[in-house]
Each structure stands twice: as C-alpha cells, then as structure tokens.
K.L.:
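Mind having a look at this structure? Questions to follow.
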2 protein chains.
Amino acid sequence: MSPAEHPPFLGAWTDPPEESRSPREPLSRNRIVAAAVAHLDAHGAEGLSMRTLAEELHTAATSLYRHVHNKGELLDLTVDALMAEVALPPDDLDWRASMRMVSLNFRAVLLRHRGAAVLRGTRLAIGPNTLRLMEYVCSKLLEAGFSETDAAAAGATVINYTVGCVLGEVMPTAEIEASGYTWDQFAAEMNTRIAAIPLDRFPVMRRMLPMLLGHHHSQPFEYGLDALLEGLEVRRVAAASSESPPAG
Amino acid sequence: MSPAEHPPFLGAWTDPPEESRSPREPLSRNRIVAAAVAHLDAHGAEGLSMRTLAEELHTAATSLYRHVHNKGELLDLTVDALMAEVALPPDDLDWRASMRMVSLNFRAVLLRHRGAAVLRGTRLAIGPNTLRLMEYVCSKLLEAGFSETDAAAAGATVINYTVGCVLGEVMPTAEIEASGYTWDQFAAEMNTRIAAIPLDRFPVMRRMLPMLLGHHHSQPFEYGLDALLEGLEVRRVAAASSESPPAG
DNA sequence: ACGCGCAGCGTACAGCGTACGCTATGATAA
DNA sequence: TTATCATAGCGTACGCTGTACGCTGCGCGT
C-alpha cells in the first residue's frame, strides 16, 4: 500500500497538489458569500464574476450554482450578510439617540464595504439580517409614540437618508480608485473639468464642489442626520399632543 | 434615368427601404442619449446594450463609439440629461419652499425615469445640468444665510435624501416588473417569504413591511422631507444668532 | 475633377452568466 | 464486504456583452 506500488503508467505518484489530501472543506452558501464580500472589499463593485469568485474558492464557476440560484441571488445574500455587521444600540437609549447610533453604525458598515454598499443602493435584498435592522428601527419608533404610519415613514426616512448619503460619499472615491488617481489629482481634474464647462455659469459650484465631493469625514452626514432627527422629534410631539387634545 | 434603366443583375430596383432616400439625420450625442433615455424608460435599467440601442437608432453598435467614448460615458451623459428636466422653483420663494419644491421636482423626474434613476444612484455624473441643479440649491442656501460649510452639508443632505428615497421606492417596483408579478402577487410572495423566515422573530415587520415597500404615494417621502427641512431651519437660525451674539 | 477626412460599419475577440450532462465520492442497504 | 444511489463538483458549450481595428464610401475644399 505504499505509494511506490502504484502502477507507473498512471503517472508518477505525487501528492495531488494538496487539496485532495486535506480535502478542502466543502462549498457552502456561507463560504461563497464570505468570499464575495472579501472580493468586493478588495476589488470594488465592478469585476466580481462567477469565474473569478470560483477561482478564489479553488473551484469551478458552475459549482457555485449548486448553492446559489444565480448571480442576483448571490448579490442579495451578500448585501444581507453585511447587515449582520450593523451593531444595534443598547436598550436604554431614547429613540433619537438610538436612531442616531443605528444610522452611524449602518453608515460605518457600508463605508467599510464600499463595493457592497453600491449593491445595497441598487438591489432589494430582504433577508433575515435586513429584517432584523428594520425591525429594530420600527419597533423603537413605535414604542417612542410614533403611529404606525409615521413610524414607517420615519424609519424609511432614516434608512434611505443613510443609504443615499453613503452612495454620495462612496461614488467619488470609487471613481477615483477606478481611474487610478490620487485624491489631489482627482480634485485637480475636477477643477479643470469645471473650468472647461461654460466658464462662469456656476460661480458657487466652482468654490463648493470640492466640499461636496470631498466627504472624507462624517461632519456633513451628521449635520443632516441631526437635522432630520430634530424635525422628526417635532412631528412626534405634535402628533402626541394632537392625539389627546381633550385632556388639554 | 428612370428606375427601369438600372441593369437587372444588380437586382430589381426597389427603393432602399426608406432610410437612404430620406438620408436619416446623422448620429449625434444628443440623439444617442435621447434614445438611451427612451430605452431605459421602456425596458428598465437592465438590458440596455450598445447593440440594442444601435438597433433602435437603425445603426451599427460600433458607430455609437464615434460620439461616445464608452458605455460608461453614455450612461453618465444620460443621467445628466435627465437633470435638465428638473424644474427650478420661481425666485420669490423662501429657501425652505424652494428646497421642498426642488426636491419634489427632482423626485418626480426620477420616478418618471425609473430605469435611469438607478443609474443616478450608482454613477457620479457631473455634467452641466447636474451642476445647474446643485448651483441653484447651494446658492439658495447661501443667500438664506447658511455658511459655506453648512450650505454644502444641507444641500448634499437634501439631494442625497431625495436620491436615497427614490431608490427605495423604485427598487421594489423594479423587482416586480422584472419578475412579472402584479403588486398583489408580490405582496403575497413577500408575506410568504416573511412567514418562511424564523417565524415570530419579526412581529413588527410582519405588519409594517407592506407599508415600507408599498410607497405608491408621496406621503412618506414628504413626511421625511418636511422633517429634514424643519431641522435645517432650526440649525440655520441657531447659526445666525450665534454668529452675531454681541448684538443681543 | 480630384483628393481627403471622417461618419459609419463588419469582423473579431475576450469575457460574461449559466444550462446541461458527466463523474466521482461518500452514505446507505443488503 | 459489496452493491446502490443521491448529489457535490466540474467540463463544455451557447448566446450575449463591450469594444479595438481597419475598411468603405459619402461630402466638402480645392
């Protein structure tokens, strides 16, 4: 039973490169999704193909289809998997602090996974982790006194605002990475592109575009978020007081 | 010179189907972009290929490249072209009414062109029409008394909120159209999918998901928009009063 | 009348998602 | 132990994509 006993016409016995001796843990949805997240993080939203993904998993492209109906489903699973990373605030915070924190955490996760963030903007992926997040947001709003209609609107508002902002923040940097520029080169390029456009039709933008594109830090995001929450609070107390006016 | 004089071995003389007698107006960026918008409106974000687009223009695919560097540029031009449709409010409105109106108009345009709306969420297209819109928003905010930093943040907030919401509204309907379901079938499908998920872990969502997905009307959007504007107003007056405190 | 520039196009290629059917492996029944 | 069978994995192939390249033929300047 020693290796030498194998008939030579089958070829010299060499250990098959390593994968069949430690028989490589089997494929699974989770392993595939994890690899997809990693690939998106490393190489951005473009250029994730079933073939390259399979290669990273030391597998054939078509093998993936045993675990995933099609690429679309894989992307949806990937988006939902990301949502699991969003930490939910502790229970004792009031609704406003909770929404603030969940929005910031959400944004942080999306910025940590810029490639997948674009997908979250584009695809409707309602999986368990997404539901967990929305469940938290809506129930917190309900228990704070928002009506069902208002809670739905307010929750959607917070989430949509967050996603919209992250897309706005991610797109420029995605563009930059794609073009191989540095931030400064890109800013210069932008300036020349602005200068090229009918010259003085946009005096304000000429000064402010860098500010609008260069969301490196979270200050503008928080500015809008806090404004939004403040407005929601006003509506909440207004609704609460008009709900039981005879008591007044 | 009558048609009958043409030598028969070239085939019987029939008018070349019509395109070479009225020699079809020449290709141009504008014509291509217009066709792209039309195609996106008619067939959704998926399935816009250079070949199909060329076919609609009675042209070969590669001819398009005489007027457009690549597909990406075409998509950017398309998005920017859409922005021209956003009507700007009359001059005499105050900043809040202006922002409200520009946001509603913006949303209306994106909903009118659902296919292209997804692109606006994904691509960074800074063309003249986009700049015109941002120029208006920012200058209105500046003249209302926002500082440059705050105007940039507030403007970005309004725009990003609008885009984020529209994406949230468009995605479900896009999903529906793609799957060929009706709205009711989709709702039912969603309910079964929710029911399939670990059953009672999401009691709130079970009731509220239809509300969250079924944004047929603009009420939730306006709810959040008005809240946002109210919060921005609070910040504006606070900044204005703290800017000249010695006068108090 | 001639020549040239350039819009338009035909062909070709690499890469994509994925349907289909074979193979080999590991669990189960006898 | 041997025989059976389900199924994970894979090789091949098809139709589609974006687009590089080089030809063609029309329209304008001379």
K.L.:
At a heavy-atom distance below 4.0 Å, what parts of residues 38-46 of chain A sit against DNA chain D?
P.N.:
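Nothing qualifies; none.
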
K.L.:
Please determine, for the side chain of A:Ser63, which listed nucleotide (D:dG9, C:dC16, C:dG8) has the closest atom?
P.N.:
D:dG9

K.L.:
Holding to ring pair (Phe, Tyr, Trp, His ring centres under 6.0 Å), I want the full list of residues that pass it with B:Phe221, two or more places apart in sequence or in another chain.
P.N.:
B:Tyr161

K.L.:
Would A:Arg107 and A:Cys165 count as a side chain to side chain contact (heavy atoms under 4.5 Å, CB included) here? Give the steps.
P.N.:
CA-CA 9 Å; A:Arg107 171 170 173 272; A:Cys165 283; 5.8 Å; no

K.L.:
What residue pairs, at least two apart or across chains, pass ring-ring contact (aromatic ring centres under 6.0 Å, His included) with a residue in residues 30-57 of chain A?
P.N.:
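Residue pairs passing ring-ring contact (aromatic ring centres under 6.0 Å, His included), neighbours aside: A:His39-A:His43.
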
K.L.:
Among the candidates C:dG17, D:dG18, D:dT19, find the nucleotide nearest to the side-chain atoms of B:Ala61.
P.N.:
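Nucleotide nearest to B:Ala61's side chain: D:dT19.
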
K.L.:
What's the spacing between B:Ile32 CD1 and B:Thr59 OG1 if we round to 0.5 Å?
P.N.:
8.0 Å

K.L.:
Can you figure out which of C:dG8, C:dC9, C:dC16 approaches the side chain of B:Thr59 most closely?
P.N.:
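Closest of the options to the side chain of B:Thr59: C:dC9.
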
K.L.:
Name all residues meeting the side-chain hydrogen bond (donor to acceptor under 3.5 Å, both in side chains) criterion together with B:Ser63; count only those two or more places apart in sequence or in a different chain, and write none if there are none.
P.N.:
none

K.L.:
Which comes earlier along DNA chain D counting from the 5' end, the contact point of A:Ser28 or that of B:Asn70, where each point is its nearest nucleotide?
P.N.:
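That would be A:Ser28.
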
K.L.:
What is the distance, to the nearest angstrom, from the CD atom on B:Glu55 to the P atom on D:dC16?
P.N.:
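To the nearest whole Å, that distance equals 11 Å.
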
K.L.:
Taking atom C1' of C:dA7 as reference, at what distance in whole Å does atom NE2 of B:His58 sit?
P.N.:
18 Å

K.L.:
Thinking salt bridges, do A:Glu135 and B:Arg201 make one under a 4.0 Å N-O criterion?
P.N.:
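Looking at B:Arg201 together with A:Glu135, the answer is no, because their closest N to O distance does not fall below 4.0 Å.
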
K.L.:
Side chain of A:Ala60: nearest nucleotide among D:dG11, C:dC9, D:dT19?
P.N.:
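For the A:Ala60 side chain, the nearest candidate turns out to be D:dG11.
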
K.L.:
Count the heavy atoms of every other residue, nucleotide or ligand shown that sit under 6.0 Å from CD of A:Glu46, and state whether that count exceeds 12.
P.N.:
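Open: at most 12 neighbouring heavy atoms sit under 6.0 Å from CD of A:Glu46.
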
K.L.:
Is the phosphate of D:dG9 approached by A:His67 (side-chain N or O, under 4.0 Å from OP1 or OP2)?
P.N.:
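Answer is yes, contact under 4.0 Å.
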
K.L.:
In whole Å, I'd like the distance from the OH atom of A:Tyr65 to the C1' atom of D:dG9.
P.N.:
15 Å

K.L.:
Step through the shown structure and confirm whether more than 12 heavy atoms of other residues, nucleotides or ligands are within 6.0 Å of CD on A:Glu73.
P.N.:
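It does: A:Glu73 CD has more than 12 such atoms within range.
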
K.L.:
Mind checking what makes side-chain hydrogen bond (donor to acceptor under 3.5 Å, both in side chains) contact with B:Ser139, not counting sequence neighbours?
P.N.:
none

K.L.:
Kindly give the atom pairs (protein nitrogen or oxygen, nucleotide nitrogen or oxygen) under 3.5 Å for nucleotides 21-24 of chain D.
P.N.:
none

K.L.:
How many whole angstroms separate atom CE of A:Met50 from atom P of C:dG17?
P.N.:
7 Å

K.L.:
Once you round it to whole Å, what is the distance between C1' of D:dG18 and CG of B:Leu74?
P.N.:
12 Å

K.L.:
Expressed as a whole number of angstroms, how long is the span from A:Arg31:CZ to D:dG9:C1'?
P.N.:
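Result: 13 Å.
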
K.L.:
Nearest whole Å is fine: how far is C:dA7 P from B:Leu64 CG?
P.N.:
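Taking atom P of C:dA7 as the reference, CG of B:Leu64 is at 13 Å.
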
K.L.:
Does any non-hydrogen side-chain atom of A:Val118 lie less than 4.5 Å from one of A:Arg114?
P.N.:
no

K.L.:
I'd like to know if A:Arg51 reaches the base of C:dG15 with its side chain such that a donor and an acceptor end up less than 3.5 angstrom apart.
P.N.:
no

K.L.:
Could you tell me whether B:Leu48 contacts a base, only the sugar-phosphate backbone, or nothing, with contacts defined as non-hydrogen atoms closer than 4.0 Å?
P.N.:
sugar-phosphate

K.L.:
For A:Ile32 and D:dA8, what is the distance between atoms CD1 and P respectively, to the nearest whole Å?
P.N.:
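Computing the A:Ile32:CD1 to D:dA8:P distance gives 11 Å.
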
